[in-house]
Amino acid sequence: MAIRTRITQMARQRGLTAAEVGQRLHLYRSNLSAMDAGKRAVSLRTLARIGELLGCSPADLIEIVWGSE
């Protein structure tokens, strides 16, 4: 099981790039990319900040991929 985020996907749907999200929230673009790939842990506080910016809940930003390691 892998836990990934959908930050880049949700940002695109709202007309933003991941770089713009990172810039507005003072996060590195590389960290956002690693979160999307499931290679970096993300706190609920950070998910809440991103969700507030993108107008969605933290749960909307999480993707669970079953059967992968």
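Only heavy atoms go into these numbers, but all of them, side chains included; no hydrogens, no water, no symmetry mates.
The side-chain contact (heavy atoms from CB on, under 4.5 Å) search around Ser33 returns Arg29, not counting sequence neighbours. By the side-chain contact (heavy atoms from CB on, under 4.5 Å) test, Gln13 is found to be paired with Gln9, Met10, residues two or more places apart in sequence or in another chain being considered.
Note: Ile7 CD1 to Leu27 CG = 8.0 Å, rounded to the nearest 0.5 Å.
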Cut-off 3.5 Å, no hydrogens considered: what does the side-chain donor-acceptor table look like for residues 50-64, sequence neighbours left out?
| unit_1 | atom_1 | unit_2 | atom_2 | d |
| --- | --- | --- | --- | --- |
| Ser57 | OG | Ala59 | N | 3.4 |
| Ser57 | OG | Asp60 | N | 3.3 |
| Ser57 | OG | Asp60 | OD2 | 3.3 |
| Asp60 | OD2 | Ser57 | N | 3.1 |

Run the side-chain donor-acceptor check on residues 39-46: report pairs under 3.5 Å with partners two or more places apart or on a different chain.
| unit_1 | atom_1 | unit_2 | atom_2 | d |
| --- | --- | --- | --- | --- |
| Ser43 | OG | Thr46 | N | 3.0 |
| Ser43 | OG | Thr46 | OG1 | 3.0 |

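Note: the hydrophobic cluster containing Ile3 also contains Met35 (ILVMFWY, side chain heavy atoms under 4.5 Å, direct or indirect links).
Of all heavy-atom pairs between Val21 and Ala11, the closest is CG2-CB, 3.7 Å.
Remark: the backbone N or O of Ala18 is not paired with any side-chain donor or acceptor of Thr8 at under 3.5 angstrom.
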